[in-house]
Amino acid sequence: MSILKKFDLTGKCALINHPEQVYGREIAAGLMDAGAKVWFSGPDLAALEDLAGALAEEGHEVSGIFRYSQGTREAADALGEAVKEEMPSLDIIVENSSGMHMTGWDQSFEDIYRQLTVTQTGVMLTVQSLGRVMVSQGRKGSLILVSDYSALVGCDPYNYIGAPEDAEEDFSADYGFVHGSYVNYARQTAGHLGLYGCRSNCIAYGPLSCTKSAAFEENFIRHTHIKRLANAEDIAGIAVFLASDASEYITGTTIPVDGGYVAK
Amino acid sequence: MTTQELFSLKGKVALITGGRAMYGKGATLALADAGADIYLASHTIESAKEFVEELKREKGVKVEAIAFDQGDIASIENLVQTVIDKAGRIDVFVNCSRILPHGHGGTGWEEDPEAMDDGVRINTSASLYMNQLVGRQMISQKSGSIITFGSMMGLIGIEENNYGGNPQMAAGAHGHIYSLDKSGVTSWVRHAAAYYGRYGIRVNALCPGGLRSDRTNPVFEKEYSKHTMLGRLADGDDIKGPIALLASDAGKYLTGLSIPVDGGYTCE
């Protein structure tokens, strides 16, 4: 098979959980460009419909939307059943919940616990339920856990000089914990999914250019090898690769997509 | 200062949770050997009190047991405030207490949501909150060392061969919560080191491998040991040196680290 054909996602169906969070839109467009049919799931139907509408204007038609409030087994199992009923297959799962982190370091226990019920318990239940559907099909499947560079390194205080709002957002109680938790979760889930011919990987994205202040951007790119923040194509390329058969011998790993930030 | 003096914790106040058994016991013994004043927080206060008496007798250190329940936030707040009221400061915090979210029925991939919730509520959320409470005190002191426990299972995935084809043991390894939590700890220490560094506070994790006990399955011990460089499980002494290093001024330029203490298991 031509290597380029291995990147082709025609005939594959993907579910993106929480596509409204950062990176979700770019991943959705990328998977559709590569030929996949894409479904969305998330709690805020209006936000998902708005995103689907915006993507449609660019020529990317979302195939369906599941309303899903992550955090309980009942909801996760219901999503699994709905996916089995509506989607022809489940070849690609993109778990994109990690963007829902807190803002600010000092938090009450209740707020931390409430947040982690969605981004930890909820993610496990989503992966458990959708993983069950994926392995039951006897097809090669790919789970992609979306994280960011803070999974691999701490936030450098230098980057926040002159960028207090970015500092308040990134130095939150759960930020490093949640992003980093997916690194070994990719290895762990790869062990189970591998028994069924399916894969699991994590992407550690660098910041997307439109989401940060000018001061942060200037500081951050000084520490990259490729002197800029990530753009939409950077986000999409790696997602298509990990979703496709071009990466069929890659599992359990975390790939930084950050212009070389964690490489130095 | 001599190297030996750098390892001394004389005059330092240490709070340790889960310091009565398994790795926690080794950590407490290390703090005692280094001369720290110790507050030992435990879910099992009677056994902790026995251990405290033994420490006083054999090590001659100032040590006190405090009952606490990591599943009860008022208890956590009371613990930290009690130590501050009694000692006026906290120089070393060893966050070692973890509940085992078992006993809910499902194992492996089908782990029960109750087990996941226990893990996220008690091991993750309460632990992060407790670090914040201690961190506030350390900020006021402009110094401190937080040591939390990751695991080699937060650094690598499943090795099926370790379970010798025993489906029950293997199922345990396929669970979700332990790996997710321990991986988060490894990342969190870098995150917290970045935040607390400006206040002179260091944050590190120890990531131990399997500890041999009288309950260790012999098949597991044999198979697991093959994957270590040193050919054995950990014993009770193996954690002591790393604890003394990270707690003391001997480790005063170490922060944001997750140090595997696993006989080389994760370096292959």
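Order of the sequence lines fixes the chain letters, A, B, ..., with proteins taken first and strands second; residue numbering starts at 1 for each chain.
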Heavy-atom proximity to chain A below 4.5 Å, by part of [X]:
X      : value
B:D181 : both
B:A193 : neither
B:L180 : both
B:E160 : side chain
B:T186 : neither
B:V189 : neither

Count the heavy atoms of every other residue, nucleotide or ligand shown that sit under 6.0 Å from [atom1] of [X], and state whether that count exceeds 12.
X      : atom1 : value
A:R73  : CZ    : yes
A:E248 : CD    : yes
B:K252 : NZ    : no
A:E110 : CD    : yes

Residue part contacting chain B, namely of [X], when any heavy atom lies under 4.5 Å:
X      : result
A:S150 : backbone
A:A173 : both
A:T189 : both
A:V178 : neither
A:D170 : backbone
A:V123 : neither

Exercise for the section: May I ask you to check whether B:H176 and A:Y185 show a side-chain donor-acceptor distance below 3.5 Å? Expected result: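 Yes.
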Practice task
Check the side chains of B:E221 and B:N217 for a donor-acceptor pair under 3.5 angstrom, ignoring hydrogens and angles.
Solution key: no
Of all of [options], which one pairs up most often with chain B through heavy atoms under 4.5 Å apart?
options                : value
A:G191, A:A151, A:P157 : A:A151
A:D111, A:V153, A:D106 : A:D106
A:D156, A:V127, A:D174 : A:V127

Option that, when pairs with chain A are counted at under 4.5 Å, heavy atom only, ranks first among [options]:
options                        : value
B:G157, B:S187, B:A126, B:A170 : B:S187
B:L128, B:N131, B:V120         : B:V120
B:G197, B:G175, B:G135, B:G256 : B:G175
B:A192, B:G154, B:G108         : B:G154
B:R136, B:K182, B:M153         : B:R136

Practice task
Can you measure from CD1 (B:I84) to CD (B:Q137) and round to the nearest 0.5 angstrom?
Solution key: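 Here the interatomic distance stands at 4.0 Å.
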Exercise for the section: Quick one: do B:S127 and B:N95 satisfy side-chain hydrogen bond (donor to acceptor under 3.5 Å, both in side chains)? Show the steps, please. Expected result: CA-CA 8 Å; B:S127 180; B:N95 183 343; 2.9 Å; yes
Handout entry: Donor-acceptor pair, side chain of B:D91 and main chain of B:G144, under 3.5 angstrom
Key = no
Handout entry: B:R198 to B:Y195, cation-pi by 6.0 Å centre distance and 45° axis angle
Key =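 Positive - B:R198 is close enough to the ring of B:Y195 and near enough to its axis.
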Problem - 4.5 Å side-chain heavy-atom contact, B:E159 and B:Y224 - result: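 A side-chain contact is absent here, since even the closest heavy-atom pair is not under 4.5 Å.
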Handout entry: Salt bridge present between A:K140 and A:D91 (N-O < 4.0 angstrom)
Key =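 No.
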